[in-house]
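Bear in mind the structure is a predicted one, so any value in this text is a computation, not a measurement.
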Amino acid sequence: MADSMTQSAQISSSQGLADGQNSVAAKDSKMSDSFLSSSPVSLIQSPEVKDLVHWRDPKKSGVVFGLSLLTLLSLAAFSVISVVSYLLLALLCVTISFRIYKAVVQAVQKSDDGHPFKALMEKDVSVPPETFRKHVDASLTHINRLLKQLRKLFLVEDLIDSLKLAVVMWLLTYVGAVFNGITILILADILLFAVPPFYEKNKTQIDRYMEIARTQVNTTMAKLQEKLPGAIKRTKAE
């Protein structure tokens, strides 16, 4: 009788432990899903951005690409203060000229149409507290995830991942010796609007070569991991 009671207690205890682990795993999965849904990757993959970089509307994509490239080229030639000042000055010239033009037209026609920007001035431009808190919480999630990832990499929790970071940083030293930050942003802007249409036209061939490259990298990393001493091999969480 005592043995049967002990066994049943052990079974119930193991079941409770399993349920607890399942609930923790489900909670972690939900947190991961919520993070991915609010990450910058989800913004890049949004339908509006995808239509923009795939040139679904050539006029709209051309305007965005031209303005972004012009801004980056201006930052490469002038200081940030100069670029911002010139942009704001150009905007003020447009609005003041339009305001004076409408005032002259109203004086000549003896009409009382009111302020030309009345509709825009009546719009509510305040940020709701809920929206502000939502973006702050999303930013905090990104910051916490970044800090945890940096801790794992620099404290060598996983040797393979830390070695990958070291190789990337070593390669970036050569990139930094050739390009500055603005030049890299200009190249990134050009690639952002040039690569998606090219990939869409040659998707089959690119996917095939990417799969070959991915297989080679995985094979190389597996061989490297096998040659590491057992004490520092990658360990999987149980």
Report yes or no: does [X] contribute a side-chain atom to a donor-acceptor pair with the main-chain N or O of [Y] at less than 3.5 Å?
X: S61; Y: L52; value: yes
X: Q106; Y: G114; value: yes
X: H54; Y: R56; value: no
X: N180; Y: T183; value: yes

I'd like to know whether [atom1] of [X] has more than 12 heavy-atom contacts from other residues, nucleotides or ligands below 6.0 angstrom.
X: L171; atom1: CG; result: yes
X: M169; atom1: CE; result: yes
X: F198; atom1: CZ; result: no
X: Y199; atom1: OH; result: yes

Nearest atoms (heavy-atom pairs only) where [X] meets [Y]:
X: V53; Y: P196; answer: O-CB, 3.7 Å
X: L153; Y: S162; answer: O-OG, 2.6 Å
X: S85; Y: I81; answer: OG-O, 2.7 Å

Between [atom1] of [X] and [atom2] of [Y], what distance do you get to the nearest 0.5 Å?
X: L191; Y: I184; atom1: CG; atom2: CD1; result: 11.5 Å
X: K102; Y: S111; atom1: NZ; atom2: OG; result: 7.5 Å
X: L72; Y: L187; atom1: CG; atom2: CG; result: 10.0 Å
X: D161; Y: Q149; atom1: CG; atom2: CD; result: 7.0 Å
X: K164; Y: D158; atom1: NZ; atom2: CG; result: 8.0 Å
X: L185; Y: L73; atom1: CG; atom2: CG; result: 11.5 Å

Exercise for the section: Output, in order, the C-alpha distance, side-chain angles, deciding distance and verdict of side chain to side chain donor-acceptor pair (under 3.5 Å) for S82 and S79. Expected result: CA-CA 5 Å; S82 298; S79 65; 3.0 Å; yes
Problem - Geometric class of the W170/Y174 ring pair [parallel <30°, tilted 30-60°, perpendicular >60°] - result: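 Plane angle over 60°, so perpendicular.
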Practice task
Over 60° means perpendicular and under 30° means parallel, so classify the ring planes of F193 and W55, tilted if in between.
Solution key: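 Judged by the thresholds at 30° and 60°, the geometry between W55 and F193 is perpendicular.
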Handout entry: Pairs satisfying salt bridge (Lys or Arg N to Asp or Glu O under 4.0 Å), at least one member in residues 57-79, at least two apart
Key =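 Found none.
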Practice task
Check side chain to side chain contact (heavy atoms under 4.5 Å, CB included) between T219 and all other residues, then give those that pass, not counting sequence neighbours.
Solution key: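 Scan of T219 (side chain to side chain contact (heavy atoms under 4.5 Å, CB included), adjacent residues dropped) gives T215, K223.
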Under 4.5 Å between side-chain heavy atoms, hopping through other hydrophobics if needed: is there a path connecting [X] to [Y]?
X: L67; Y: I186; answer: no
X: L88; Y: V80; answer: yes
X: L150; Y: I160; answer: no
X: V94; Y: Y101; answer: no
X: I190; Y: V64; answer: yes

Problem - SB check R208 E211 (cutoff 4.0 Å) - result: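 No.
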Exercise for the section: Would you indicate whether the side-chain heavy atoms of R99 and T95 approach each other to under 4.5 Å? Expected result: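 No, their side chains stay 4.5 Å or more apart.
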Practice task
Would you indicate whether the side-chain heavy atoms of L165 and F154 approach each other to under 4.5 Å?
Solution key: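 A side-chain contact exists here, since the closest heavy-atom pair is under 4.5 Å.
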Problem - Connected hydrophobic set around F132, excluding itself, where side chains approach under 4.5 Å - result: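 Once heavy-atom contacts under 4.5 Å are chained together, F132 belongs with V127, V136.
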